[in-house]
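Worksheet: one structure, shown below.
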Amino acid sequence: MDLPLTVKPLPREHLPSATLAMARFLIGKTLVHESPEGMLSGRIVETEGYPPGDAASHAFRGKTNRNQTLFLGPGHCYVYFTYGSSFMVNVSSEEAGIGAGVLLRALEPLEGIEIMQRNRKNASVRDLTRGPGRLAQALQIDKRYDGVDLFAKGTLWLGTPARRTGRIATSIRIGITREVDRKRRFFEVGNPNVSGPRALSLS
DNA sequence: TATGCGATATTCT
DNA sequence: GAATATCGCATAG
C-alpha cells in the first residue's frame with residue numbers, strides 16, 4: 001500500500017499561530033515516519049491543546065530540561081516518556097520562547113500497518129494507534145525524536161490530508177488533574193480510532 | 001462494554 | 001519521595 005499521491009509535506013506557513021487553532025487544524029492531517037523498516041503513516045484523528053497559561057501543560061512552570069522543545073517555536077516534535085511505559089508525541093505550537101504544545105492522541109493507520117502490528121504484538125488494527133502511547137509505539141517514535149522540526153526535510157514529518165476530514169467536535173481532556181473543565185480536546189466524530197471513553201467522543 | 005488496578009521510570013519537588 | 005497528558009489485563013454485568 002502506497003502513500004496516497006495527494007499527501008505532501010505540509011507547508012509550515014499553513015500552521016495556525018495559536019495552540020488551540022493548531023490542535024483543531026491538525027485533525028485530518030497525516031503524520032509520516034520514514035522508518036528504517038518502511039513507511040509508517042496515519043491520519044490524525046484526536047488531539048489535545050495545552051496553550052500558554054494552562055496549568056495542565058508541561059510548560060506551565062517554565063522551561064526545564066525535559067520540556068525545552070515546547071519553547072522552540074511552532075512545528076517541533078516534543079516527545080516525553082511517562083507512566084513508565086509510554087512515549088507521548090506533541091507538536092510545539094507557539095512562537096519561539098513561549099512554551100505550548102498539541103498532544104497527538106490517536107491516528108487512523110494508513111501505511112505500514114504490517115510493521116505496526118509487529119511493533120504492537122496482540123493489538124487489533126483498531127487498537128494499533130488508538131491512544132497516545134499506542135501511536136508512538138506503532139510508529140516507533142521515541143525520545144530520539146524529541147526536538148525534531150516536523151517541517152524540515154527529515155524522516156518524521158507532517159503531511160497534507162489523505163482524504164476529506166469529517167466533522168470535528170471538542171470535549172474536555174483525558175488523564176489530567178488540573179484545568180479539567182477546559183474543552184481543549186479535538187476529534188473526528190465517528191472515527192473508530194478515537195481513544196477515550198465513548199461518552200467523550202459523541203456529538 | 002465498563003470499570004478497576006498494577007506496572008514502570010523519568011522528572012520534578 | 002511523589003506524581004504522572006497511559007496501557008493492558010482482569011473481573012463483573
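Not measured: the values here are computed from a predicted model. A note on names: the letters A, B, ... follow the listed sequences, proteins ahead of strands, and every chain is numbered from 1.
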First-last contacting nucleotides on DNA chain C - partner chain A, under 4.0 angstrom, heavy atom: C/dT4 to C/dG8
Pairing residues for A/Arg144 by the salt bridge (Lys or Arg N to Asp or Glu O under 4.0 Å) criterion, not counting sequence neighbours: A/Asp142
Common cluster, A/Leu70/A/Leu156, ILVMFWY with side-chain heavy-atom separation under 4.5 Å: no
N/O donor-acceptor pair under 3.5 Å between A/Arg120 side chain and A/Leu128 backbone: yes
Contacts of type salt bridge (Lys or Arg N to Asp or Glu O under 4.0 Å), residue A/Lys143, not counting sequence neighbours: A/Asp146
Pair A/Arg182, A/Thr170: side-chain N/O donor-acceptor within cut-off below 3.5 Å: no
A/Asn191: partners by side-chain hydrogen bond (donor to acceptor under 3.5 Å, both in side chains), with sequence neighbours left out: A/Glu108, A/Glu188, A/Asn193
Listed once per pair and sorted, the ring-ring contact (aromatic ring centres under 6.0 Å, His included) pairs that draw on residues 130-150 of chain A, sequence neighbours left out: A/His33-A/Tyr145
Strand-adjacent residues in residues 60-91 of chain A, judged by heavy atoms under 4.0 Å from DNA chain B: A/Arg61, A/Thr64, A/Arg66, A/Phe81, A/Tyr83, A/Gly84
Step-by-step side-chain contact (heavy atoms from CB on, under 4.5 Å) determination, A/His76 to A/Phe151: CA-CA 8 Å; A/His76 290 80; A/Phe151 292 85; over 6 Å; no
Backbone of A/Gly73 reached by a side-chain donor or acceptor of A/Ser92 within 3.5 Å: yes
Partner set under side chain to side chain contact (heavy atoms under 4.5 Å, CB included) for A/Pro36, not counting sequence neighbours: none
Contacting residues from residues 129-144 of chain A, given that a heavy atom lies under 4.0 angstrom of DNA chain C: A/Gly131, A/Pro132, A/Gly133, A/Arg134
Report all side-chain donor-acceptor pairs from residues 77-91 of chain A shorter than 3.5 Å, counting only partners two or more places apart or in another chain.
{"from": "A/Tyr78", "atom 1": "OH", "to": "A/His58", "atom 2": "ND1", "distance (Å)": "2.8"}
{"from": "A/Ser85", "atom 1": "OG", "to": "A/Tyr83", "atom 2": "O", "distance (Å)": "3.3"}
{"from": "A/Asn90", "atom 1": "ND2", "to": "A/Tyr78", "atom 2": "O", "distance (Å)": "3.2"}

In residues 93-105 of chain A, what donor-acceptor pairs under 3.5 Å come from side-chain atoms, sequence neighbours left out?
{"from": "A/Ser93", "atom 1": "OG", "to": "A/Thr19", "atom 2": "OG1", "distance (Å)": "2.8"}
{"from": "A/Ser93", "atom 1": "OG", "to": "A/Ala100", "atom 2": "O", "distance (Å)": "3.4"}
{"from": "A/Ser93", "atom 1": "OG", "to": "A/Gly101", "atom 2": "N", "distance (Å)": "3.1"}
{"from": "A/Glu94", "atom 1": "OE2", "to": "A/Thr19", "atom 2": "N", "distance (Å)": "2.9"}
{"from": "A/Glu94", "atom 1": "OE2", "to": "A/Thr19", "atom 2": "OG1", "distance (Å)": "2.7"}
{"from": "A/Arg105", "atom 1": "NE", "to": "A/Glu46", "atom 2": "OE2", "distance (Å)": "2.9"}
{"from": "A/Arg105", "atom 1": "NH2", "to": "A/Ser195", "atom 2": "OG", "distance (Å)": "3.2"}

Residue pair A/Asp181, A/Arg173: steps toward the salt bridge (Lys or Arg N to Asp or Glu O under 4.0 Å) verdict: CA-CA 8 Å; A/Asp181 294 331; A/Arg173 295 172 291 184; over 6 Å; no
Stem segments of DNA chain C by first residue number [Watson-Crick or G-U, under 3.5 Å, at least 3]: B:1-7 with C:6-12, B:9-12 with C:1-4
Start and end of the DNA chain B segment that chain A contacts, any atom under 4.0 Å from a heavy atom: B/dT8 to B/dT13
